[in-house]
Amino acid sequence: MAHVSSLPKHFLSDKVEHFTESVIREMTRQAMQYGAINLAQGFPDFPAPEEIKQAAQKAIADDVNQYAITWGAKNLRAAIARQMQVWQGIEVDPEREVVVCCGSTEAMIATLLAVCNKGDEVVVFEPFYENYGPDSVLSGAKPRFVSLRPPQKPNDDWTFDAQELREAFQHHTKAIVVNTPNNPTGKVFTRKELELIRDLCVEYNVLAITDEIYEHILYDGAKHISIASLEGMKERTITINGLSKSYSVTGWRVGWAVAPPAITNAIRKVHDFLTVGAPAPLQEAGAAALSLPGKYYHDLAERYRTRRNHLIPALEKAGFRCYLPQGAYYVMTDISAFGFKNDVEFASHLVKDVGIACVPGSSFYKHAKDGAHQVRFAFCKKPETLDEASRRLEKLGSR
Ligand code: GLN
C-alpha cells in the first residue's frame with residue numbers, strides 16, 4: 001500500500017501548491033511543543049465575559065441545538081444591523097444584507113469565492129494577515145500587493161504611496177481588502193486614506209472587502225471608520241466582522257459579512273454549501289454579546305492599552321525596535337539589532353531557547369526577504385503572562 005507521502009501529485013489540486021500552511025498556527029504548535037509563552041497567535045489567555053458565557057450555556061440548555069437559518073439566527077442578524085447603525089451610522093437590512101458565517105475567516109473566503117472570477121485581481125496591503133493570500137488563490141483570483149511602509153520616526157504611522165495604489169487598481173481589479181485596525185501593523189486607516197481608497201474604488205468600479213475584526217481595540221484616541229459609511233461605498237462594500245476579538249471568544253467561530261442584497265445572496269449560497277451555518281447556540285450568545293453596554297468596549301480598549309504598554313517597554317529593553325500600534329493587539333518589531341540571519345532563525349531561537357513564541361515577519365509578506373528583519377508579538381494576554389515574557393526576554397542576547 002502506498003504511503004501517504006508517496007502519493008502522486010496528480011491526486012492533489014494545483015491550487016494548494018500556491019500557498020503553505022499558516023505560519024501563525026504553526027508557531028502555536030511550536031509554543032506547545034517547547035512549553036513557550038504563546039505571543040504568536042492572537043487569542044486571549046483570559047476568560048471571556050461572564051454574561052456571554054451564561055448566554056451560551058442557557059441557549060444549549062434551552063435546546064437551541066439544531067441548525068439556525070443558514071445565513072444566521074434572526075436575533076444575531078438584528079443585533080449586527082443595530083450595532084452597525086449605532087457605531088458607524090450605516091443602515092443595514094438584517095433580512096437581506098447580512099450573512100453569519102463560521103468566523104470572519106469563513107466570511108472572507110466565502111465573500112471572495114462569491115465575487116471573484118479566474119483572472120480577477122484583489123489588491124491587498126502588505127504586510128498582510130496571512131489568510132488573504134490563500135483566500136484569493138482559492139477563489140481563483142490573484143492578489144496584488146501594495147506596500148505599507150514602516151514608520152521612520154516614533155510618532156509616524158505606516159503609510160502607502162497613493163500612486164502605487166492607483167497603479168494596482170488597473171489590472172482586472174475586482175476588489176481591495178481593507179483591514180483596519182490592521183493586523184499585523186496596528187495601523188488604523190484615517191478618513192483621508194479611506195476616502196482615497198473610496199475614490200479609486202468608484203473610479204475603477206472595484207469592491208471594498210473589509211476586515212474590521214479589531215474595530216473596538218483602539219489606542220491614543222484613534223477612531224475606527226468603516227469604509228461602508230463613506231458616501232458612495234455602501235453599495236460596493238462587504239463589511240466583515242465577528243465575535244472573536246471584541247468578546248474574547250476566538251474559538252466560537254462566529255463572524256459575519258454585511259453587503260448589498262445581490263452580493264449577500266451570492267455569499268449566502270457559497271456559505272450554505274461550505275458550512276450550512278455557524279453554531280446555533282453561540283449565535284444566540286452573540287446576540288447577547290452585541291447587547292453589552294457601551295462601557296464594555298471602553299474597558300476592553302483600556303485593558304488592551306495597559307497590555308500594550310506592559311509588553312512594549314520589555315521588548316525595547318531587550319533590543320527590539322517597536323512600531324507602536326494604534327489599534328488591534330499586535331506589535332510589529334524590527335530585529336536587526338540582534339544580528340540573526342533572518343526572522344525565521346530568530347523566531348526559532350526565541351521559541352526554543354528563550355521560551356517565547358512570536359510570528360516571523362516574512363509570513364506577512366509575499367517575498368520572505370521583505371519581512372526578514374521583522375517579527376510580530378501578540379499582547380492579548382494576562383498581566384502574569386506578560387510579566388513572565390518580560391522575565392524571559394532578559395535572557396535574549398545578540399549574535
Ligand atoms: N488573527 C489571529 C492572528 O493573526 C489568529 C487567527 C487565526 O489563527 N485564525 O494571530
Side-chain angles (χ1 to χ4, degrees), residues 19-32 36-46 48 101-112 124-135 138 148 158 177-188 209-218 224 240-257 274-275 278-279 282 300 304 307-308 311 323 325-333 343 347 350-351 356-365 371 374-381 385-386 389:
F19 54 90
T20 59
E21 273 192 53
S22 157
V23 178
I24 299 177
R25 270 78 87 187
E26 163 61 20
M27 289 312 296
T28 285
R29 291 191 288 272
Q30 288 197 22
M32 289 162 95
I37 297 174
N38 189 353
L39 303 187
Q41 195 177 16
F43 63 87
D45 70 346
F46 44 83
C101 295
C102 296
S104 61
T105 297
E106 192 226 335
M108 179 60 72
I109 191 154
T111 297
L112 285 164
V124 176
F125 289 104
E126 181 186 49
F128 54 91
Y129 175 51
E130 56 177 13
N131 282 38
Y132 307 148
D135 285 352
L138 287 170
L148 285 177
W158 294 72
V177 175
V178 182
N179 170 214
T180 182
N182 186 259
N183 175 10
T185 64
K187 176 181 175 65
V188 178
I209 305 175
T210 73
D211 178 346
E212 304 185 16
I213 194 87
Y214 302 99
E215 77 174 315
H216 294 296
I217 304 176
L218 297 162
H224 170 66
I240 294 177
N241 210 325
L243 297 181
S244 293
K245 315 291 181 175
S246 296
Y247 308 99
S248 307
V249 286
T250 62
W252 281 16
R253 314 314 301 135
V254 178
W256 51 86
L274 277 176
T275 66
L282 303 184
L300 179 84
Y304 276 120
R307 294 178 186 117
R308 178 191 70 161
L311 183 65
Y323 300 117
Q326 297 302 301
Y329 50 46
Y330 309 101
V331 54
M332 271 296 246
T333 67
D343 59 320
L350 201 69
V351 71
I356 298 176
C358 65
V359 180
S362 53
S363 58
F364 304 105
Y365 290 86
Q374 294 174 349
V375 300
R376 187 198 78 173
F377 291 90
F379 52 82
C380 41
K381 306 293 166 183
T385 310
L386 298 175

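Both ligands and their constituent atoms are indexed starting at 1 by order of listing.
- Put simply, the side chain of Gln30 never gets that close to the backbone of Val351: no donor and acceptor are under 3.5 Å apart.
- In this structure, the side chain to side chain donor-acceptor pair (under 3.5 Å) partners of Gln374, at least two apart in sequence or on a different chain, are Tyr365.
- Thr250 is linked by a side chain to side chain donor-acceptor pair (under 3.5 Å) to nothing, counting only residues two or more places apart in sequence or in another chain.
- Closer than 4.0 angstrom to ligand 1 by heavy atom are Ile24, Arg25, Gln41, Gly42, Tyr129, Asn183, Tyr214, Lys245, Tyr330, Arg376, sorted by chain and number.
- In this view, Tyr304 satisfies the side chain to side chain donor-acceptor pair (under 3.5 Å) rule with no residue, not counting sequence neighbours.
- Arg376 places no side-chain N or O within 3.5 Å of a backbone atom of Thr333 that could act as its donor or acceptor partner.
- Aromatic pair Tyr214/Tyr129: ring centres not closer than 6.0 Å.
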